[in-house]
Amino acid sequence: MTERLHRQDPYLVEFEATVVGVREHEGRPAVVLDRTAFYAESGGQPWDTGSLGEAAVLAVLEDGKDVMHVLDRPLPVGAVHGRIDAARRRDHLQQHHGQHLLSRAFVEVAGAETIAFHLGSEATTIDLDRPVGPEQVRAAQARANEVVWEARPVRVRTVSAAEARALGAEPPPGVEDGVRLVEAEGFDVQPCGGTHPRTTAEVGVVVVTGTERYKGGTRVLFLCGHRALAAVARQQAALGELVAALSAPLDELAGVARKLKEDVVDGARREKALLERALDGEARRLLADAQEPRERTAGAAAGPPAVVVAAYDGWNPNDLRVLAARLVALSPCVALLGSRAGKAHLVFAQSEGLPHDVPALLRDAAAHVGGRGGGRDNMAQGGGEHVELLDEALARAAAAVRARA
Ligand SMILES: [Zn+2]
């Protein structure tokens, strides 16, 4: 059985011990000591890290009554010097004790019990057994911080199960003797094997950063002590960048951002309307050009439908599609449109009631520019890599249409 030095003194970060057992854990060397200040993962609190002699301590796990230290290299049986990563220990101590205070505060303000606690490397959470609202969260946070700033003494003592119950702390199932209680004087007492500070003041501050619905209750995310400070530093940096990017003081940032978003939406709407007008004008111009020679030769309005052929530079396929739809709606015609934009794009369409196989025409033209395409009934699109063959592909399609007309 390993003696747990951290239970008596959570501030002990260097100690002498003896390696009494050599083991292996998942392919890594591990040792058991006669005594240790390393906290083994349990009760939602992660393990300590540090070193034993020359070996780095990668994980610390409960193994029955022993504590197993998983190492990056083997250690022989014998005396060894242990050193705990003090910053990590302090971090865990702040988050874990902050959790005790916040959990008790939620009992006080909302009658909400904590049913789970997780101390992560980034986020720390408690799960409450019932839904809590924003007002209750604010009240619990305020209450927890009040107790932090009162610097109440934190005491650890070991009692029987009956004594624990008499103090209002339900011992873990099956534990009848030697219940370790952690007490924030006059505020909270609960069974816990974790590392805790001398006074509540060491928690620094408790900041709730978010809540979410979870299994019929509420999951509360929070930060304590130096983690809260680090979060403020990150947020200040991000806000500083926003203030500079939007050239607006902090107080006006939200308003300026909202206005900017509205302007963008407005601008997009205007752009769409302008584009539609431009494409409508382009469609009318193309139809006039296509009909002119026919009117000259035939001299009548009831000649064969116009064949509109046009190629553009840099147009995207969507604009070609809108133009084609406009053309076939304005007047009976076949529209054979292309664009050179990185590759060759093709959009073919015909007015309702015309006889051509538009998808077949498109497939043929797309194959000519080294690609593929398809569509349905009166509209098809596609393209290929050979931009230089676009005009030829369009001319061939036009010839095929005129041959059938
Ligand atoms: Zn605890």
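Both counts, for ligands and for their atoms, begin at 1 and track the order of listing.
Side-chain N/O atoms of His345 and Gln381 include no donor and acceptor closer than 3.5 Å. For the residue pair Gln350/His356, the side-chain donor-acceptor check at 3.5 Å is not satisfied. No side-chain donor from either of Gln190 and Ser103 sits under 3.5 Å from a side-chain acceptor of the other. Judged by distance alone, the side chains of Asn145 and Gln141 never bring a donor and an acceptor atom under 3.5 Å apart.
When distances to the Zn ion (ligand 1) are checked against a cut-off of 2.8 Å, His196 contributes no N, O or S atom below that limit. Using a cut-off of 2.8 Å, one finds that His97 contributes no N/O/S atom close to the Zn ion (ligand 1).
If you put the vertex on the Zn ion (ligand 1), SG of Cys192 and NE2 of His100 sit 110° apart, to the nearest 10°.
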